[in-house]
Amino acid sequence: MSRLARKAEILKLARVLGVGEADLAYLHGSDAESIRSFREQASARLFDADEARLKRVAAASKLLPIPLIALIAEHVFGDVLCARVAGLIAPDRAADLAQRLRVGFLADVTLEIDPRHVREVIKRIPVARIVEVGLELARRGEFVTLARFVDYVSSDAIKAVMEKLTDNAALLHIAFFVEDKTRLNELVGFLPETRLREIIFLAADESQDLWAEALALMNYVSPEWRKRLGELAATLDDGIVSSMARSAQAQNLWSAVLPIVGVMSSAHQQRLLKLPILGDETVLDSIVKTVDVDHLWNELIPLVPMMQPEQQRRLANLPRLRESRVLEAVLKATDVNGLWNQLLPLVGLMDEDAQQKLALAAEKLSDGAFGRVFDAVQVGRTWAPLLVLLLRMREDVRARIAPLVQKLSPESARFIAQEAGRLGVLDRLESLWDSLARLR
Amino acid sequence: MARSDFELLARELGGDPPETFHALPQDGLASLTAALRAARARQKKQLDEALTKALEHVPALMRLPVRKVLGL
């Protein structure tokens, strides 16, 4: 998600500075919040310049009647000067003036204006006029500007624009750039379900290349809306969700997909995980890479039990999941999020090298974390994979765990023995812990 | 060296950029400074042109006082 937010911010900054997106390529390592903060500083620097001179122009305009100002504004002052003066004249007068300008010219002015300076003017402009200007800007493809105004325009006006703006691609582009993401919940609520479906179908049309925008929207809305939109997509045919997965793979969008899958019902999650593309080792590796970079283990690990056995085996044996740093991050997230019973079954699917690497990483768990592992395993009865790991740990680590073994119930001890028998390691069990042997 | 580029950007911006911008490459900071400088110059030029154009519609005798009022 951070990648999409950064992309949106770079595009917005490029707009403010009057340069191309490619000119700001060096910002791709920066976080979205820093770029946004810089953009606001740059906008203020540009917009606050010459204020004294502009105030004199605004003061002079008081002497003239509105119809004459409208004429001068359009034919003499031009869009840039009007945009700068708009916030300096009385809001009622400015709104009256906006009613008298041609829609095309008003759209030109809107492109140059900083909406923060004309908040009071916008409030006074009738909805019908806002719709006219909004449609004109959408026709020109000025989505960044439209998005900037979403924070300042009334709900009624936004709803009216959305009803008239039938171009769903435009809606997705605007949503991508909206500053106040909390406003998107309200905006999505204005759309009937049929239109939401149409938007998802549009995103799935790979010639349009709109999954990034659609996924960004699904991430920015509340978890309730995210679940609803995600499930709406998941109920459509496999072609739609496969298209989403292909785009996620091609454009590195897994960090936007996982939080959506995470809030779906388990039935929808299972259906998604059965998609052939998600069984591909390269795709699984991309997912794990993204999860590692964006710290999304809490989104991926709960999905593991729903994966197909072969999918689980491929995941468990990925080279990336043999790196000690990555494994330590996996174990930490598993512990913090209470996901031991979801993670441990993978151990049985790992080859010996992968098991050994995981055991080495697990040796670094604290006593408290081992306590939580034992608590979880008693509930989930995932003793077999835990035993496999414990048998691979060094003697001193096993000794550290001995007090936890002493606390086990006789029932758990019997179950461990059964599991050890099944794994063919019963003879090694007693060498693990005398106390377990006694309990048995 | 990078620090001085950061300071040049801060000067152009009229305040310190976000702290994380210290990590930007030197030519990135210089490029941002140049882009902001160009945007400011472009805007000033547009504004001057708009005001000058507006003055052309003022009767000749009135232009000087109006020019003074508008600070041109």
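In this text, all values refer to a predicted model and were calculated from it rather than measured experimentally. Every chain is numbered from 1, with letters handed out A, B, ... down the list of sequences.
Heavy atoms of B/P17 lying under 4.5 Å from chain A belong to its backbone as well as its side chain. Looking at B/L32, both its backbone and its side chain come within 4.5 Å of chain A, counting heavy atoms on both sides. Heavy-atom distances place the side chain of A/L24, and not its backbone, under 4.5 Å from chain B. When heavy atoms are compared at a cutoff of 4.5 Å, A/D31 approaches chain B solely by way of its side chain, counted from C-beta outward. With a 4.5 Å cut-off on non-hydrogen atoms, B/E12 touches chain A through its backbone but not through its side chain. Heavy atoms closer than 4.5 Å to chain B are found in both the backbone and the side chain of A/S34.
Counting heavy-atom pairs under 4.5 Å between each of A/V19, A/V80, A/D23, A/L46 and chain B puts A/L46 at the top.
Shown here are the ring pair (Phe, Tyr, Trp, His ring centres under 6.0 Å) partners of A/F105, two or more places apart in sequence or in another chain: there are none.
Considering CG of B/L13 and CD of A/Q41, their distance stands at 4.5 Å, rounded to 0.5 Å. Rounding to the nearest 0.5 Å places OG of A/S61 at 8.5 Å from CG of A/L97.
Atom NZ of A/K181 sits in a crowded spot, with more than 12 heavy atoms from other residues, nucleotides or ligands closer than 6.0 Å.
The closest donor-acceptor contact from the side chain of A/S37 to the backbone of A/E33 lies at 3.5 Å or more, if one exists at all.
Relative to the ring axis of A/Y152, A/R116 does not place its NZ or CZ within 45° and under 6.0 Å from the centre.
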